[in-house]
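These notes concern the structure reproduced below.
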Amino acid sequence: MFDDEFENGADRTGRIPEPVQSPLERWTSLSACVLDAVWSVGAHRDRVVVPLVHRVLEPAATGPLTSEAAPTVDPHPLPRLLTRFPDDEALQQAAQNRQRTSTRNGVTKADAALRFARTLVSHGVLGVEDLPRLVVDPESWSRVDRALSRIPGEGQQGARRTYFWTLCGVRENTGSRISLL
């Protein structure tokens, strides 16, 4: 497009060009990965999810929430998320979002996110620094993955879980081997 095709930042279709996040940037916090994975299903990531994650986590984060480098210390570990938001109503208020996992009897995404966080914590996964230990133990990873699959709002073929693990930099290789990117 040319400059004369823009008016007040919008093109002739009335759309405002969307900001593009660097494809190399990744979340530095497991809390961010949980919120992103839960809220991204059925929501626009750049317009809804990324601002929501920042809105919820930045007030209590001890460092940046994104980085181009693989994170080593979590700036907002899951226990902090669970302490700050003891129930889905508190998280919904901070997120300024009351979406549900499904239009048919789905739980709130806030409830699903807190269940996700509690499940990880109950399996000893508190922050990004716990991921290397988890991926070298396929049995533990499988137990965590199965537990996460039971949380409402999973999506088709485990879409939310697959996306969550991708956000965390975890990938499943051939032969069911797990590794960090």
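Because the structure is predicted, anything quoted here is derived from the model rather than measured. Positions are given from 1 along the sequence.
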Under the side chain to side chain donor-acceptor pair (under 3.5 Å) test, which residues partner Thr108, sequence neighbours left out? Asp88
In the single-linkage hydrophobic clustering (I, L, V, M, F, W, Y; side-chain heavy atoms under 4.5 Å), do Val107 and Leu114 co-cluster? no
For Glu89, give me all partners under salt bridge (Lys or Arg N to Asp or Glu O under 4.0 Å), at least two apart in sequence or on another chain. Arg98
Close side-chain approach of Val144 and Leu120, heavy atoms under 4.5 Å: yes
What are the two closest heavy atoms between Arg161 and Leu148, and how far apart are they? CD-CB, 3.7 Å
Smallest heavy-atom separation, Thr28 atom then Ser67 atom, equals CG2-CB, 3.5 Å
Can you run down the ring pair (Phe, Tyr, Trp, His ring centres under 6.0 Å) pairs that involve residues 117-137, sequence neighbours left out, and say none if there aren't any? none
Between Pro75 and Leu65, the two heavy atoms sitting closest are CG-CD2, 4.2 Å
Locate the shortest heavy-atom distance separating Leu30 from Cys168; write the atom from each residue and the value. CD1-SG, 3.5 Å
Quick check on side-chain contact (heavy atoms from CB on, under 4.5 Å): which of Val50, Val49, Leu91 does Leu35 satisfy it with? Leu91
So Ile151 and Val38, do their side chains get closer than 4.5 Å, heavy atoms only? no
Please, which pairs that meet ring pair (Phe, Tyr, Trp, His ring centres under 6.0 Å) have at least one residue in residues 51-71, sequence neighbours excluded? Trp27-His54
Give me the atom names and distance for the closest heavy-atom approach of Val34 to Ala117. CG1-N, 4.4 Å
Shortest non-hydrogen separation from Gln92 to Ala110 and the atoms involved: CG-CB, 3.5 Å
Could you tell me whether a side-chain N or O of Ser31 sits under 3.5 Å from a main-chain N or O of Leu81, the two making a donor and an acceptor? no
Assess whether atom CG of Asp87 is packed by more than 12 heavy atoms of other residues, nucleotides or ligands within 6.0 Å. yes
Side-chain (Ser142) to main-chain (Pro138) donor-acceptor, under 3.5 angstrom: no
Give me each pair satisfying ring pair (Phe, Tyr, Trp, His ring centres under 6.0 Å) with a member in residues 142-170, each pair once, sequence neighbours excluded. Phe116-Phe164, Trp141-Trp165
Would you compute the distance between atom OG of Ser29 and atom CG of Leu78 and round it to the nearest 0.5 angstrom? 6.5 Å
Taking side chain to side chain donor-acceptor pair (under 3.5 Å) as the cut-off, I'd like each qualifying pair that reaches into residues 128-138, sequence neighbours left out, listed once. Asp137-Ser140
Are any of the side-chain heavy atoms of Thr72 and Val128 separated by less than 4.5 Å? no
Please list, chain by chain and in numerical order, all residues satisfying side chain to side chain donor-acceptor pair (under 3.5 Å) with Arg118, sequence neighbours excluded. none
Sorted by chain and number, sequence neighbours left out, side chain to side chain donor-acceptor pair (under 3.5 Å) with Ser40 holds for Asp36
In chain order, what residues pass the salt bridge (Lys or Arg N to Asp or Glu O under 4.0 Å) check against Asp111, with sequence neighbours excluded? Arg115
For Arg104, enumerate each residue passing the side chain to side chain contact (heavy atoms under 4.5 Å, CB included) test, keeping only those at least two apart in sequence or located in another chain. Ser102
Set of residues satisfying salt bridge (Lys or Arg N to Asp or Glu O under 4.0 Å) with respect to Arg160, sequence neighbours excluded: Glu154
Roughly how far, to the nearest 0.5 Å, is NZ of Lys109 from CD of Gln99? 4.0 Å
The reported gap from CZ in Arg26 to CG in Leu167 (rounded to nearest 0.5 angstrom) is 9.5 Å
Do any pairs count as a ring pair (Phe, Tyr, Trp, His ring centres under 6.0 Å) and have a residue in residues 83-109, sequence neighbours left out, and if so which ones? none
